[in-house]
Amino acid sequence: MPELPEVEVVRRGIDAWATKRTISHVDVLHARSIRRCEGGAAELRAALEGDAFRCASRRGKYLWLPLTRANDQALVVHLGMSGQVLMQPPREEDETHLRVRVRFADDDREMRFVDQRTFGGMHVDEVIDGVPSSITHIARDPLDPDFDEAATVRAICHKDSEVKRVLLDQSVVSGIGNIYADEALWRSAINGRRRGSALTSAQVRMVVSNAREVMLEALAQGGTSFDSLYVNVNGESGYFERALDAYGREGEPCRRCGAAIRREAFMNRSSYRCPRCQRAPRGGAGTG
DNA sequence: CAAGAATCCTGCCAGC
DNA sequence: TGCTGGCAGGATTCTT
């Protein structure tokens, strides 16, 4: 569920609450939430305790918190499907799915990683040229000041793959998930099953531009939320759901032409589109 | 090498 | 009532 806007909301919360405080203690309550650390929880604890987070950075759906003393190390966090980062008063009761707790010396608030489905996780990693080495394969996202839109459009146009699949490929462009991919395609009146190589560069440019726009609008609303699963660091939900034009609107009228929005299976998940505005490619071959 | 499928995980809900 | 199957889906790993 958390895509770029939701992760950015969380990043801002962490940046405001969890930086420049000495880390006093780290509790790992679920081993699966620690990824890519050979030494597991012990390694994570050793790296963090006594140090402090300098700031909170983000690329796509990945967050990382560079350390102050160990200048080239950072805590990398991915929320996965159901991850939350909450800044809680220490006396607050543990959440059912609390996985990692980071306590600070001032004991004002503690940082809690809560994750129902454990698709998310964290690890400590070396930062090289400003990015953790484990996420160098993640492309820049459309909100990155150095995002190269022209290069991204060229890359998508050269893909012999359905354009929605390409939008979800974080090595091509990052931050876009199932919700914002459907929204960007609806705004562009393009069917996600059409192949990147079958679209004009103007069409692809429109899709990329719309993805950026819809994510900026969602960010301004505090993100999208369907239930209590996605919340900011204070446990509050965003308001963008009501602004969605396609995602989750099966059977409801298209806001552009009135046709009933259709839900289809795609890549083991659901896609929503307008059957009139976003016509299917001929024969599913994607050449139309 | 690229594209696409399988996999991980738990809670919830419809249907029987 | 209680079980089962389907669904939610991001990123990695495996297969074609």
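Labels below follow one simple rule: chain letters A, B, ... track the order of the sequence lines, proteins then strands, and each chain is numbered from 1.
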Indicate whether the side chain of A:Glu95 and that of A:Gln84 have a donor and an acceptor atom separated by less than 3.5 Å.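 No, A:Gln84 and A:Glu95 have no side-chain donor paired with an acceptor closer than 3.5 Å.
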Among side-chain atoms of A:Asn191 and A:Lys164, is any donor-acceptor pair under 3.5 angstrom?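 The answer is no; no qualifying pair exists.
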Using rotation axes that map the C1' atoms of four end pairs onto the next four (five pairs an end), what angle separates the end axes of the helix from B:dA2-C:dT16 to B:dC16-C:dG2, to 10°?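 Here the local axes at opposite ends form an angle of 50°.
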Phosphate contact ([N] OP1 or OP2) by [X] side-chain N/O below 4.0 Å:
X: A:Gln170; N: C:dA11; result: yes
X: A:His78; N: C:dG10; result: no
X: A:His30; N: B:dC9; result: no

For [X] and [Y], indicate whether the former's side chain and the latter's backbone hold a donor-acceptor pair under 3.5 Å.
X: A:Arg276; Y: A:Cys274; result: no
X: A:Thr22; Y: A:Ala105; result: no
X: A:Asp115; Y: A:Gly121; result: no
X: A:Gln278; Y: A:Ile190; result: yes

Dump the intermediate steps for side-chain contact (heavy atoms from CB on, under 4.5 Å) on A:Val9 and A:Leu219, then the final yes or no. CA-CA 7 Å; A:Val9 169; A:Leu219 179 57; 3.9 Å; yes
Atom-pair distance ([atom1] on [X]; [atom2] on [N]), nearest Å:
X: A:Arg269; N: C:dG10; atom1: CZ; atom2: C1'; answer: 7 Å
X: A:Asp115; N: B:dC9; atom1: CG; atom2: C1'; answer: 9 Å
X: A:Gln84; N: B:dG11; atom1: CD; atom2: C1'; answer: 13 Å
X: A:Leu167; N: C:dG10; atom1: CG; atom2: P; answer: 12 Å
X: A:Arg35; N: B:dT7; atom1: CZ; atom2: C1'; answer: 12 Å
X: A:Gln116; N: B:dC8; atom1: CD; atom2: C1'; answer: 14 Å
X: A:Arg58; N: C:dG10; atom1: CZ; atom2: C1'; answer: 16 Å
X: A:Asn178; N: C:dA8; atom1: CG; atom2: C1'; answer: 10 Å

Rounded distance (nearest 0.5 Å) linking atom CD1 of A:Ile135 with atom CD of A:Gln170: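 Spacing of CD1 (A:Ile135) from CD (A:Gln170) equals 11.0 Å.
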What are the atom names and distances for every N/O pair under 3.5 Å that joins the protein to nucleotides 2-6 of chain B?
from	atom 1	to	atom 2	distance (Å)
B:dA3	OP1	A:Asp160	N	3.3
B:dA3	OP2	A:Lys159	NZ	3.2
B:dG4	OP1	A:Arg195	NH1	3.2
B:dG4	OP1	A:Arg195	NH2	3.3
B:dG4	OP2	A:Ser161	OG	2.5
B:dG4	OP2	A:Arg165	NE	3.4
B:dA5	OP2	A:Arg165	NH2	3.2

Contact between A:Thr118 and A:His97 at the side-chain level, heavy atoms closer than 4.5 Å - yes or no?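 A side-chain contact under 4.5 Å is absent here.
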For the residue pair A:Arg59 and A:Trp64, establish whether any side-chain heavy-atom pair is separated by less than 4.5 Å.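 Contact flag for A:Arg59/A:Trp64 side chains = yes.
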Distances under 3.5 Å only, N/O to N/O: pair up the protein atoms with those of nucleotides 4-7 of chain C.
none

Quiz: residues 203-210 of chain A side-chain donor-acceptor pairs under 3.5 angstrom, not counting sequence neighbours:
from	atom 1	to	atom 2	distance (Å)
A:Gln203	OE1	A:Thr200	N	3.0
A:Gln203	OE1	A:Thr200	OG1	3.4
A:Asn210	ND2	A:Ser188	OG	2.8
A:Asn210	ND2	A:Met206	O	3.2

Taking the cut-offs as 6.0 angstrom to the six-membered ring centre and 45 degrees off its axis, would you call A:Arg256 and A:Trp186 a cation-pi pair?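 Judged by the rule, A:Arg256 and A:Trp186 form a cation-pi pair.
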Regarding A:Glu8 and A:Arg12, does a basic nitrogen lie under 4.0 Å from an acidic carboxylate oxygen?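 Here A:Glu8 pairs with A:Arg12 in a salt bridge, since their nearest N and O are under 4.0 Å apart.
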Of the nucleotides B:dG11, C:dA11, B:dC8, which has the atom closest to the A:Arg32 side chain?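 Closest of the options to the side chain of A:Arg32: B:dC8.
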A:Ser133: partners by side-chain hydrogen bond (donor to acceptor under 3.5 Å, both in side chains), with sequence neighbours left out: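 Scan of A:Ser133 (side-chain hydrogen bond (donor to acceptor under 3.5 Å, both in side chains), adjacent residues dropped) gives A:Asp125.
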Can you find a donor-acceptor pair, distance only, under 3.5 Å between A:Arg117 side chain and C:dG10 base?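 Check fails, no donor-acceptor contact within cut-off.
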Close N/O contacts between protein and nucleotides 12-14 of chain C (under 3.5 Å):
from	atom 1	to	atom 2	distance (Å)
C:dT12	OP1	A:Tyr62	OH	2.8
C:dT12	OP2	A:His137	NE2	3.2

